[in-house]
Amino acid sequence: MVTWKGRLGPFDLRVAPGTFRPSTISTMVAESMEVGDSDVVIDMGCGSGVLSIIAAKLGANVVHGVDAEQETIEIATANAAAQGVEDRTVFYQGDMFEPLPEGLEADVLIGDVSGIPDDVAEATGWFPSGLSGGPSGAELPLRMLEQARDFMRKGGKVFLPTGSLQDEASIIDAARDMFGKIRQLTERRIPLPSTVSENPAIIKMAQDKIIDITQRGSRMIWTARVWEATA
Ligand SMILES: C[S@@+](CC[C@H](N)C(=O)[O-])C[C@H]1O[C@@H](n2cnc3c(N)ncnc32)[C@H](O)[C@@H]1O
């Protein structure tokens with residue numbers, strides 16, 4: 001069990017060993033997202049279901065949460081029931097948009113799929129193997145953005161976290177190309193544990209300018225951002 005202390009919290013969430021535990025990025029996305037009454041929401045990479053639950057509590061008509069982790073879907077369903085939003089949430093196991101009903105059009109897409117480079121994921125243990133963001137951390141978010149347009153209502157909003165611990169520029173450029181209108185909603189500098197910043201794979205990615213970590217005093221810092229793209 002973990003306690004969510006972000007927007008609309010505190011509330012408890014069940015997590016299984018393979019479930020992503022809500023992070024600083026989850027808190028930032030939760031604070032940034034706008035959900036209107038009767039909106040249809042897709043929560044891509046829903047994990048424990050925390051952002052789906054918040055979207056439902058903010059008034060969404062229905063939230064479709066998807067995650068690749070089988071156990072996570074059972075967990076998200078149980079968490080939504082414990083928060084009294086089981087009538088407005090439905091969770092699917094699968095890859096990206098593949099399990100969603102045909103013809104579904106969303107007003108809001110929460111696009112929080114894994115965006116951590118595979119080597120960083122391995123060094124940090126932040127993601128189980130096979131569920132991280134690809135070699136540069138941009139591959140999975142880019143695949144999500146490419147598929148997203150087919151599932152968005154015109155004028156719908158995508159809430160998209162990015163960070164300097166991935167090839168962030170590729171994601172922002174692609175979002176701009178695909179959606180035209182994007183704007184940054186928030187930004188936070190986050191210390192990187194020394195076990196991670198001293199990892200040879202991470203030092204190499206920083207030298208190759210794939211990721212951007214900066215020194216502040218004795219600590220290394222990375223930057224997380226949340227963007228809004230309008231379909
Ligand atoms: C950064 S976590 C976010 C979880 C949740 N939104 C939160 O804030 O706690 C990303 C999630 O994406 C899921 N994921 C990874 N690859 C996926 C894919 N191909 N399709 C769907 N979900 C995926 C992971 O299992 C993980 O739960």
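One-based numbering, in listed order, for ligands and for the atoms of each. The structure displayed is predicted, hence computed values, not measured ones. Computed from heavy atoms alone, side chains included, the values below leave out hydrogens, waters and symmetry copies.
Side-chain atoms of V196 and I202, non-hydrogen and from C-beta on, do get closer than 4.5 Å to each other. Counting heavy atoms from C-beta on, the side chains of V66 and P99 come closer than 4.5 Å. Contact annotation: the side chain of L160 approaches that of I171 to within less than 4.5 Å [non-hydrogen atoms, C-beta and beyond]. In this structure, H64 and F91 have side chains that are not in contact, with every pair of non-hydrogen atoms separated by 4.5 Å or more.
Only the backbone of C46 comes within contact range of ligand 1, with a heavy atom under 4.0 Å; no side-chain atom does. Under 4.0 Å from ligand 1, the heavy atoms of V50 that appear belong solely to its side chain.
Between G111, A68, A30, it is A68 that holds the heavy atom closest to atom 22 (N) of ligand 1. For atom 16 (N) of ligand 1, the choice among L140, L13, V113 with the nearest heavy atom turns out to be L140. Taking all heavy atoms of D67, L51, V29 into account, the minimum distance to atom 13 (C) of ligand 1 is reached by D67.
At a 3.5 angstrom cut-off on N or O pairs, S26 counts as close to ligand 1. At a 3.5 angstrom cut-off on N or O pairs, M96 counts as close to ligand 1. Close N/O approach between S48 and ligand 1 is not found [any backbone or side-chain N/O within under 3.5 Å].
Shown in contact with G94 at under 4.0 Å from a heavy atom are these atoms of ligand 1, numbered in order with element: 20 (N), 21 (C). Residue contact check: D95 has heavy atoms under 4.0 Å from atoms 18 (C), 19 (N), 20 (N) of ligand 1.
Assignment of P161 to the shell around ligand 1 is not supported, since no heavy atom sits closer than 4.0 Å.
Sorted by first and then second residue, the salt bridge (charged side-chain N to carboxylate O under 4.0 Å, His left out) pairs involving residues 131-143 (not counting sequence neighbours) are D95-R143. Annotation: side chain to side chain donor-acceptor pair (under 3.5 Å) contacts involving residues 5-15, sequence neighbours excluded, comprise T3-D12.
By the 4.0 Å N-to-carboxylate-O rule, R88 lies too far from E86 to be salt-bridged with it. Between R225 and E168 there is a salt bridge, since at least one side-chain N of the basic residue sits less than 4.0 Å from a carboxylate O of the acidic one.
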